[in-house]
Structure formats: C-alpha cells, structure tokens
Number of protein chains: 2
Amino acid sequence: MSEQPKPAGGCGAALADDLGWALGVLLRAYSKAASTVLAAVPGGPRGYQVLTAVGRSDPRSQLELANQLGVDRTVMTYLLDDLERAGLIERRPDPADRRARRIVATPAGRELACSLTKRLNEAENHVLAGLPGQRDREMFRSLLERLASHVNTLDPVASACDLARETHGVVGTRG
Amino acid sequence: MSEQPKPAGGCGAALADDLGWALGVLLRAYSKAASTVLAAVPGGPRGYQVLTAVGRSDPRSQLELANQLGVDRTVMTYLLDDLERAGLIERRPDPADRRARRIVATPAGRELACSLTKRLNEAENHVLAGLPGQRDREMFRSLLERLASHVNTLDPVASACDLARETHGVVGTRG
DNA sequence: TATTGTTATACTCTATAACTATA
DNA sequence: TATAGTTATAGAGTATAACAATA
C-alpha cells in the first residue's frame with residue numbers, strides 16, 4: 001500500500017518516533033554508566049549478577065546459576081574462575097552430589113556487591129535525570145515495570161537475563 | 001528502589017527492582033519481535049536502518065551513513081554489499097567527488113522499507129500490550145522519549161541508532 | 001545411560017590497520 | 001598530505017562438542 005515514494009519520509013516512522021530507538025538509547029546510557037561502575041568486577045556486569053545471585057540465597061550449583069542468569073554453563077565456568085581468583089566467591093563441594101559445586105560469596109564478595117549496588121543506584125538516577133519531577137520518575141518506573149513484568153509472563157524465558165543469549169540470536173539473523 | 005529488606009543482610013536490589021533489568025527485558029522483547037520482522041532483510045536491523053535512512057532524504061555517502069547510524073565505515077561496506085546484492089540499494093558515483101559513492105534506495109528497497117515499517121509498528125504495539133489503556137501508553141511513550149532525548153543530548157553519541165551495535169554490549173551488560 | 005563441570009574448537013561480530021584511488 | 005572506500009587481520013564473546021568424574 002502507500003506506494004508513495006515520498007522523498008522525505010516514505011512511510012513515516014521517523015527514528016525519534018521509534019520505540020526501539022528510545023529504548024535502545026536509554027538502555028545504552030544505563031549500560032554505559034553501569035559498566036563504568038562494574039568495570040572493576042571480574043566478568044563485568046555478569047560477574048556482578050553472579051555475586052548478587054549467590055549472595056541473595058542459598059548456595060547454588062553452577063548449572064542452576066547459569067540457567068538463572070541465562071548464560072551458557074561453559075561461560076559460567078570462566079566467570080567463576082575469574083571471581084574465585086579474585087577471592088569473591090568460593091566453589092565448595094556439594095555433600096549431596098559430588099559432581100556439583102556449591103557457589104558461595106566470600107565476605108569480600110558480599111561487601112563488593114553491596115557497594116556496587118549502591119553505585120548502580122546512582123547510575124539509575126543519572127539516567128532518570130531527564131525527568132526532573134519525582135512524580136514523573138515514579139510514573140515512568142511504574143509503567144516500565146508493568147510492561148516488563150507483563151512481557152516476562154508472555155515470554156517465560158526462565159528468568160531475568162536471557163537477554164544476552166536471545167539478543168544475540170536475534171541480531172545474528174544477519175543475511 | 002525502595003529500601004527493601006534483604007535476605008542475607010545484603011544490600012537488596014532485587015532483580016525485578018532494577019531499572020536496567022526492566023529496560024533490558026523490554027528491549028529484548030521488542031528486539032525479538034522486530035528481528036522476526038527484519039529477518040528477511042540483509043543485514044537485519046542494521047539493513048533496515050540503512051534503508052530507511054537513505055529513503056528519507058537525499059543520497060548520502062557511505063561515510064555519512066556510517067556516522068549517522070553509528071557503525072564503523074568498514075561495517076558499512078559489508079552492509080551495503082549485502083543490500084546491493086539484494087537489489088535494495090545502489091551505489092552511484094558522486095559527480096562531485098569520484099572517491100565517494102552516493103547511496104540510493106531502489107524502488108524495491110523503498111517498498112520493502114515501507115512494509116517493514118508497518119510491521120514494526122505492530123511489533124511495538126505487541127510490546128506495549130502490557131499497558132491496555134491508551135492513556136498509559138501515551139504516557140509511557142512520552143516519558144520514554146523525554147528520557148531518551150535528554151540522554152541523547154548529554155551523550156553526543158553520533159546519533160540515532162547505535163541500537164543494534166550497542167544491543168550486543170548492552171545485552172551482555174545488564175547491571 | 002544421564003548429568004556436572006571442564007576444556008578445546010569454531011563461529012560471529014566488531015575494531016584496527018593497510019591498501020587504492022582520488023582530492 | 002588527507003579522505004572515501006575496500007580488504008585483511010586480529011580480537012572479544014559466544015556457542016558447540018568432546019571429555020572426565022560421578023550419578
């Protein structure tokens with residue numbers, strides 16, 4: 001339809017009007033700020049995710065952890081290697097299954113995760129600085145989280161962050 | 001972002017409470033839908049961006065295009081190779097500078113871009129389905145765009161759509 | 001035989017640099 | 001000398017597959 005080859009617009013949909021564009025810009029800004037904060041952590045953002053995940057609840061196996069964070073279990077090996085070398089986590093034998101390892105955060109790991117979490121909060125605020133009003137911010141967060149959780153239910157993708165994997169496949173659709 | 005009680009005396013910051021997480025989930029959902037739509041385009045999302053960019057205004061050089069879309073000029077070469085092979089764009093000599101090529105969309109290219117744009121709009125609506133109310137959607141779009149354009153001014157990153165590129169990094173990069 | 005974790009390999013995307021042809 | 005475009009090479013990041021130990 002619309003077979004009008006309009007020079008300056010064709011079918012409309014200017015870039016600034018694009019949802020994906022806006023989301024991308026915003027996420028990119030946040031990621032930039034976040035990865036500055038997380039630059040010091042072995043494994044970067046991923047390493048931080050592991051730290052918070054193991055600090056949050058009982059010891060998990062590597063596989064559990066990998067599934068939860070949406071990374072391949074081979075990647076998890078490298079990730080944990082780095083974190084362990086840095087003294088942030090430990091691999092302990094699982095008394096119930098000698099194949100598995102229980103991953104626990106060391107005191108240093110918990111402490112680091114703690115301080116990073118605070119700094120990430122600042123990064124969030126930086127991104128949200130475009131909405132000076134407190135009410136606008138709350139509104140945005142609220143709407144965003146409604147959308148995110150809805151999407152998440154539609155898309156029962158295990159959990160938080162298959163993000164990486166999925167997006168990769170997606171983008172990899174290159175001809 | 002409220003102060004939640006946390007399990008291990010940690011610092012909280014549950015995953016679902018994280019701005020980066022929500023943004024990532026949403027962008028991922030959109031990317032997934034979008035790349036399904038764009039799977040047929042050589043170069044995927046990038047290819048689509050090129051198509052719309054060249055269809056939107058006067059013929060540009062490859063370098064201009066690369067800068068505008070935030071991709072390396074070496075990447076632009078491959079991208080245009082694919083698009084040209086598919087008969088979607090043409091490289092024409094620039095009468096004013098024999099080093100440069102002017103990139104123009106072929107009729108087929110414009111037509112494809114046009115139909116894809118429509119289908120992308122549907123993808124947007126799919127993602128926004130979590131906000132049933134029209135007013136909520138408008139509000140979200142409005143707030144998001146305010147944020148995005150503000151961030152963009154702070155961050156003079158070339159322009160429109162580093163999306164694709166950043167999406168990789170970003171994705172791996174949730175805080 | 002299946003599963004946890006490790007290791008080795010291949011593939012994708014991107015960046016860097018070298019090369020050409022023009023300016 | 002500098003610039004537009006191309007090509008070749010190397011690097012990060014990820015997935016695939018083979019392997020060892022255990023179930």
Side-chain angles (χ1 to χ4, degrees), chain A residues 28 31 35 38-39 42-47 49-50 59-85 89-103 161-175, chain B residues 28 31 35 39 42-47 49-50 59-85 89-103 157-158 161-174:
Chain A
R28 179 174 141 293
S31 295
S35 43
L38 300 178
R46 289 274 176 76
Q49 287 180 262
V50 171
R60 304 149 193 270
S61 71
Q62 296 189 191
L63 193 59
E64 241 180 306
L65 222 45
N67 289 336
Q68 186 189 347
L69 298 183
V71 306
D72 202 84
R73 69 182 203 268
T74 64
V75 174
M76 185 55 69
T77 297
Y78 303 131
L79 210 44
L80 293 177
D81 284 348
D82 295 344
L83 290 168
E84 190 170 36
R85 242 191 309 272
I89 61 104
E90 278 178 18
R91 283 186 244 229
R92 295 185 183 165
D94 182 337
D97 184 343
R98 285 201 292 176
R99 294 172 303 179
R101 317 289 176 84
R102 301 215 163 200
I103 309 303
C161 301
D162 307 54
L163 227 166
R165 187 177 50 185
E166 291 297 337
T167 303
H168 181 69
V170 141
V171 171
T173 317
R174 176 166 190 250
Chain B
R28 176 177 141 290
S31 294
S35 47
R46 289 275 177 74
Q49 290 179 268
V50 170
R60 303 149 194 270
S61 71
Q62 297 189 192
L63 193 60
E64 242 180 304
L65 223 43
N67 289 336
Q68 186 189 345
L69 299 183
V71 305
D72 201 84
R73 67 183 203 268
T74 64
V75 174
M76 186 55 69
T77 297
Y78 303 130
L79 209 46
L80 293 178
D81 284 349
D82 294 344
L83 290 168
E84 191 170 35
R85 242 190 309 272
I89 61 102
E90 278 178 17
R91 284 187 243 229
R92 295 183 183 167
D94 182 336
D97 184 342
R98 286 202 293 179
R99 294 172 304 179
R101 316 288 175 83
R102 302 216 163 198
I103 310 303
V157 215
C161 299
D162 307 58
L163 216 167
R165 181 180 57 183
E166 291 300 337
T167 302
H168 297 298
V170 137
V171 148
T173 281
R174 178 204 107 81

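Residue numbers start from 1 in every chain, and the chains themselves are labelled A, B, ... in the order their sequence lines are given, proteins ahead of strands.
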Q | base_contact_polar (D:dT3 base, B:Arg99 side chain, donor-acceptor, <3.5 Å) | A |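 Per atom types, the contact qualifies.
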Rounded to the nearest Å, what distance is computed from the [atom1] atom of residue [X] to the [atom2] atom of nucleotide [N]?
{"X": "A:Gln68", "N": "C:dT4", "atom1": "CD", "atom2": "P", "value": "16 Å"}
{"X": "B:Glu64", "N": "D:dG5", "atom1": "CD", "atom2": "C1'", "value": "14 Å"}
{"X": "A:Leu79", "N": "D:dA15", "atom1": "CG", "atom2": "C1'", "value": "16 Å"}
{"X": "A:Leu69", "N": "D:dT14", "atom1": "CG", "atom2": "P", "value": "13 Å"}
{"X": "A:Asp82", "N": "D:dG13", "atom1": "CG", "atom2": "C1'", "value": "13 Å"}
{"X": "B:Gln62", "N": "C:dA21", "atom1": "CD", "atom2": "P", "value": "16 Å"}
{"X": "A:Leu63", "N": "D:dT22", "atom1": "CG", "atom2": "P", "value": "18 Å"}
{"X": "B:Leu65", "N": "D:dA4", "atom1": "CG", "atom2": "C1'", "value": "13 Å"}

At under 4.0 Å between heavy atoms, what does [X] touch on the DNA or RNA strands: base, sugar-phosphate, or nothing?
{"X": "A:Asp94", "result": "nothing"}
{"X": "B:Ser61", "result": "sugar-phosphate"}
{"X": "A:Arg91", "result": "sugar-phosphate"}

Consider the side chain of [X], meaning its heavy atoms from C-beta on, and name the nucleotide among [options] that approaches it most closely.
{"X": "A:Tyr78", "options": "C:dA8, C:dA23, C:dG5", "result": "C:dA8"}
{"X": "B:Asp81", "options": "D:dA4, D:dT7, C:dT4", "result": "D:dT7"}
{"X": "A:Arg46", "options": "C:dG5, D:dT22, D:dT14", "result": "D:dT14"}
{"X": "B:Arg101", "options": "D:dT6, C:dT6, D:dT16", "result": "D:dT6"}
{"X": "B:Thr74", "options": "C:dA23, D:dT16, C:dT16", "result": "C:dT16"}

Q: Identify, between A:Arg73 and A:Ala96, the residue whose nearest nucleotide on DNA chain D lies closer to the 5' end.
A: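 Result of the comparison: A:Arg73.
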Q) Looking only at heavy atoms, what is the nearest atom pair of B:Leu79 and B:Val50, with distance? A)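 For B:Leu79 versus B:Val50, the nearest heavy atoms are CD2-CG2, 3.8 Å.
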Q: For the pair A:Val75 and A:Arg46, evaluate side-chain contact (heavy atoms from CB on, under 4.5 Å) and give the outcome as yes or no after the intermediate values.
A: CA-CA 10 Å; A:Val75 174; A:Arg46 289 274 176 76; 4.2 Å; yes
**Q.** pair A:Met76-A:Leu69: side-chain heavy atoms closer than 4.5 Å
**A.**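 A side-chain contact exists here, since the closest heavy-atom pair is under 4.5 Å.
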**Q.** Side chains of A:Ile103 and A:Arg91 in contact at under 4.5 Å (non-hydrogen atoms)
**A.**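 When only atoms from C-beta onward are counted, A:Arg91 and A:Ile103 do touch, with a gap below 4.5 Å.
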Q: Could you pick out which residue, A:Ala100 or B:Arg98, lies toward the 5' side of DNA chain C when each is mapped onto its nearest nucleotide?
A: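 It is A:Ala100, whose closest nucleotide lies nearer the 5' terminus.
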(Q) Measuring from atom CD of A:Gln49 to atom CG of A:Leu65, what distance do you get when rounded to the nearest 0.5 angstrom? (A)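 So the CD of A:Gln49 and the CG of A:Leu65 are separated by 10.0 Å.
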